[in-house]
Amino acid sequence: MTMKMSQAYIPTLKERPTEAETPSHELLLRGGMIRRVAAGIYSFLPLGYKVVRKVEQIIREELEKAGAQEVHLPLLHPAELWQESGRWDEMGDLMVKLKDRRNRDYCIGPTHEEVMTDLIRNELKSYKDLPQNFFQIQTKVRDEIRPRFGLLRAKEFSMKDAYSFHASWESLDVTYRDMHDAYCRIFERCGLDYRVVEADTGPMGGTDSHEFMVLAETGEDSVLFCDNCGYAANVEKAQSKVPKLKEKIDRPEKEEIYTPGVTTIEKLMEKMNLPGEYLFKSLLYKGEKDYYLAIVRGSDQLNENKLIALLGDPFLGLAEDGYRDLPAGFLGPQGEHGLKIIADELVMEMDWGVAGANREDYHIQGIVPGRDFSPDIVGDIRSARHGEGCPDCQGTLEEIRGIEVGHIFKLGTKYSESMKASFLDENGKAHPMIMGCYGIGVTRTVAAAIEQNHDENGIKWPLPLAPYQVILLTLGKDEKLNEESEKIYAELKGKGIEIIWDDRSERPGVKFNEADLLGIPLRITIGKKFLDSGQVELKDRFNNQDHMVDKDDLPDWVLKYLGEEEKS
RNA sequence: CGGAGCGUGGCGCAGUCUGGCAGCGCGCCUGCUUUGGGAGCAGGAGGUCGAAGGUUCAAAUCCUUUCGCUCCGACCA
């Protein structure tokens, strides 16, 4: 893997394209690594694709070490498989669906649980054949409502997905652990700063789930973690201990209060001159069949993921059309309305509070949980926040931003039951297989690496992902410099070093700036100083350190540098 | 789907209100000069002004329709 820049197609851009919203998006475009084809759809140019392949290779090596076998599943899936699992409808418009000339329905695979389960269900029949673990690296297509941030949220993207099949939960636990460890090695080898966090399983279903988050300010996900005990969870799932209220406000008599136009918690706090802990926030939700009224304290945010998990209703969403003639903005849990009441645990600890009166322009104060209303379900449905107590120890939770690059699930039997993938046990009795699934966003990892590692001049590739390890800049037209460069290039090439030589007749400024933009970890400059002293200049892109090295010592120096970086 | 905005050379934009030769910067080509942090001068190529229809002597500009894109929101293994 070596190249002369005079022959390479690396169309860099000096100006920032307007479409670029985040650093990775801008730098991938400016560095001539990707080009947009349509909204959320990108082509990879030579340099960008090299990085993708590096990530893929690391993934392959580590997964094979963990005992997974590589397969390649189709992009186009028949509707029947998805109808069988029930996700043809459940997934909704996230899938790109199409018909062939005979009017048969297909979708382009947004994920591969169905196809994978179908593949093994007719072949794997005995507990003796289990467990099995398969992976593939595939292009996935998801009709995202709003693709954005370049490769971070694209319509079409490359993903490694793996599926394991087991005869027992214990067996799944072992593989899950192995995959967890393999993922850790993968992201370590990629040179990324990441955290493993407890995650919500979402529409995938299943029990345990962990996400692998690359830490970056521009991340779309929020993670709460405790630096005392190491607890870490996505905010979608995180729990916390909330301190007791300091001042207690005496309970007033139950009384209706005229509150015209007070339809938000903010307005109600102002109107009543009460903290949010003394207000009931009532949110109307609609599930597959029922309507629900979710109640949290006014100071809390309802966590929709927790609510969905609690109710087990994947169709749940805010009921924007309202319910019967109840006035939006003035809802309350008390009274006869026929709604199922889901209350947060902290709501039940409230001494009293103000709730909507279920009557336009009125609220009621002095409402007491348990006395004035009794929830059908009580559970944790609020979002934990920065500064609250760690659920596992006495520490405090802190919030950081992350990019989800990996996600592993204990799926259980959701797909094996619906798709009838069963095995026979020692007694000849059939059971649904127990499944795990494991994903890594390959192209997203490339973008995350840049989000985490860049400066105002460009990308700073971690060495294991860099398209080239070394860039050689020749400055000036002196024939001796050119000859010497040719020698260095050939010599490093001979040592197996991935090197790109900027042999163009560009001015020094152009070469320096492009080298910084492209983010090649080690820069070797040969120019005037070499003619004077016989030394070449090395610069570490990552920590910006310079070294002057005698040309005879160069190959050893470079090998040593690459070796040390690889280890660290 | 709701709200806002944008489509003019490869990229970034002005021109549109008030109709009258299609412009600027970057990039590209040629030549000369320049060569340690995105050079200077001179010359040059490149555009159905997103598309369709209409108004007008005349449309990038006004009107109608339509397509695409971007941002905010809902949504998002």
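So you know, we letter chains A, B, ... as the sequences are listed, proteins then strands, and number each from 1.
- In terms of position on RNA chain B, the residue among A:Glu15 and A:Met159 whose nearest nucleotide sits closer to the 5' end is A:Glu15.
- B:A77 atom P lies 15 Å from atom NZ of A:Lys237, rounded to whole Å.
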Subject >> Annotated protein contacts, base or backbone, on nucleotides 31-40 of chain B with a non-hydrogen cut-off under 4.0 Å, one of B, S, - each >> reply: ---BBBBBB-

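- Rounded to the nearest Å, the gap between the C1' atom of B:G25 and that of B:A39 is 16 Å.
- Pair assignment for B:G37 gives none, since no Watson-Crick or G-U wobble pairing has each distance under 3.5 Å.
- For residues 5-43 of chain A, the ring-ring contact (aromatic ring centres under 6.0 Å, His included) pairs, not counting sequence neighbours, are A:His25-A:Tyr42.
- At distances below 3.5 Å, not a single donor-acceptor pair connects side-chain atoms of A:Thr139 with backbone N or O atoms of A:Phe157.
- At a cut-off of 3.5 Å, with distance as the only test, a side-chain donor of A:Asp161 or A:Gln136 sits close to an acceptor on the other residue.
- Atom CE of A:Met435 and atom P of B:A77 are 17 Å apart (whole Å).
- Scored by the side-chain hydrogen bond (donor to acceptor under 3.5 Å, both in side chains) test, A:Asp553 finds no partners at all (sequence neighbours excluded).
- Among residues two or more places apart in sequence or in another chain, the ring pair (Phe, Tyr, Trp, His ring centres under 6.0 Å) test is passed with A:Trp557 by A:His547, A:Tyr561.
- A:Glu236 comes within 4.0 angstrom of nothing in the nucleic acid, heavy atoms only.
- Within 4.0 Å of A:Pro110, counting heavy atoms only, lies at least one base atom of the nucleic acid.
- Across all strands shown, B:C1 forms a Watson-Crick or G-U wobble pair with B:G73, both key distances being under 3.5 Å.
- Spacing between B:U16 and B:A59 at atom C1', rounded to whole Å, works out to 10 Å.
- As the counterpart of B:G12, B:C24 is assigned, both hydrogen-bonding distances of the Watson-Crick or G-U wobble pattern falling under 3.5 Å.
- Distance check on atom P: B:G27 versus B:G12 gives 15 Å, rounded to whole Å.
- Partner assigned to B:G19 is none, using Watson-Crick or G-U wobble distances below 3.5 angstrom.
- Although no hydrogens or angles enter the test, the distance criterion places a donor-acceptor pair under 3.5 Å between the side chain of A:Asp455 and the main chain of A:Gly458.
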With the criterion being N/O to N/O and under 3.5 Å, what pairs connect the protein with nucleotides 67-69 of chain B, and how long is each?
unit_1, atom_1, unit_2, atom_2, d
B:C69, O3', A:Arg36, NH1, 3.1

List every contact pair, protein side and nucleotides 4-10 of chain B side both N or O, where the distance is under 3.5 Å.
none

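- Screening residues 513-543 of chain A for ring-ring contact (aromatic ring centres under 6.0 Å, His included), with sequence neighbours left out, gives no hits.
- Nucleotides B:C41 and B:C49, compared at atom C1', are 32 Å apart to the nearest Å.
- Straight-line distance from the CG atom of A:Leu283 to the P atom of B:A74: 13 Å, rounded to whole Å.
- If you measure from atom CZ of A:Arg16 to atom C1' of B:C13, you get 13 Å, rounded to the nearest angstrom.
- Qualifying side-chain hydrogen bond (donor to acceptor under 3.5 Å, both in side chains) partners for A:Lys511, counting only residues two or more places apart in sequence or in other chains: none.
- Distance A:Arg148 CZ to B:A74 C1': 11 Å, rounded to the nearest Å.
- Annotation: side-chain hydrogen bond (donor to acceptor under 3.5 Å, both in side chains) contacts of A:Ser222 (sequence neighbours excluded): A:Glu399, A:Arg401.
- For A:Glu19, the CD atom is densely surrounded, since the number of other residues' heavy atoms within 6.0 Å is greater than 12.
- Between the C1' atoms of B:G73 and B:C62, the separation comes to 34 Å (whole Å).
- Look at B:A45: it lacks any Watson-Crick or wobble partner with both distances under 3.5 angstrom.
- For B:C6, the paired base is B:G68 (Watson-Crick or G-U wobble, both distances below 3.5 Å).
- A straight line from CD1 of A:Ile145 to C1' of B:C72 spans 14 Å, rounded to a whole angstrom.
- Listed by chain and residue number, A:Glu417 satisfy the side-chain hydrogen bond (donor to acceptor under 3.5 Å, both in side chains) test with A:Thr413 (two or more places apart in sequence, or in another chain).
- Comparing the C1' positions of B:G19 and B:C57 gives a spacing of 12 Å, expressed to the nearest Å.
- In this structure, A:Thr111 does not reach the B:A77 phosphate: none of its side-chain N or O atoms is under 4.0 Å from OP1 or OP2.
- Proximity of residues 439-455 of chain A to RNA chain B (heavy atom under 4.0 angstrom from any strand atom) is not detected for any residue.
- In this structure, the CG atom of A:Asp221 is 14 Å from the C1' atom of B:C75, given to the nearest Å.
- Spacing between B:A45 and B:C63 at atom C1', rounded to whole Å, works out to 37 Å.
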Please tabulate, for side-chain N and O atoms in residues 432-444 of chain A, each donor-acceptor pair with protein atoms closer than 3.5 Å (sequence neighbours left out).
unit_1, atom_1, unit_2, atom_2, d
A:Tyr438, OH, A:Ser164, OG, 2.7
A:Thr443, OG1, A:Ser158, N, 3.2
A:Arg444, NE, A:Leu152, O, 3.0
A:Arg444, NH1, A:Glu404, O, 2.9
A:Arg444, NH2, A:Leu152, O, 3.1

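- A cation-pi arrangement, defined by a distance under 6.0 Å to the six-membered ring centre and an angle within 45 degrees of its axis, is absent between A:Lys410 and A:Trp169.
- Here the separation of B:G15 from B:U61, taken at their P atoms, is 15 Å to the nearest Å.
- In summary, A:Glu62 and A:Lys160 do not engage in a salt bridge, as defined by a charged side-chain N under 4.0 Å from a carboxylate O.
- Under 3.5 Å, the side chains of A:Gln452 and A:Tyr194 contain no donor-acceptor pair of N or O atoms.
- If you measure from atom CZ of A:Arg146 to atom C1' of B:C76, you get 12 Å, rounded to the nearest angstrom.
- Checking A:Ile308, A:Ile295, A:Leu311, A:Leu310 one by one against A:Ile381, the side-chain contact (heavy atoms from CB on, under 4.5 Å) holds for a single residue, A:Leu310.
- Residue A:Arg142 places no side-chain atom within donor-acceptor reach of the base of B:C76, judged by atom type and a 3.5 Å distance cut-off alone.
- Along RNA chain B, the nucleotide nearest A:Glu404 and the nucleotide nearest A:Phe149 are compared for position; the residue whose nucleotide lies closer to the 5' end is A:Phe149.
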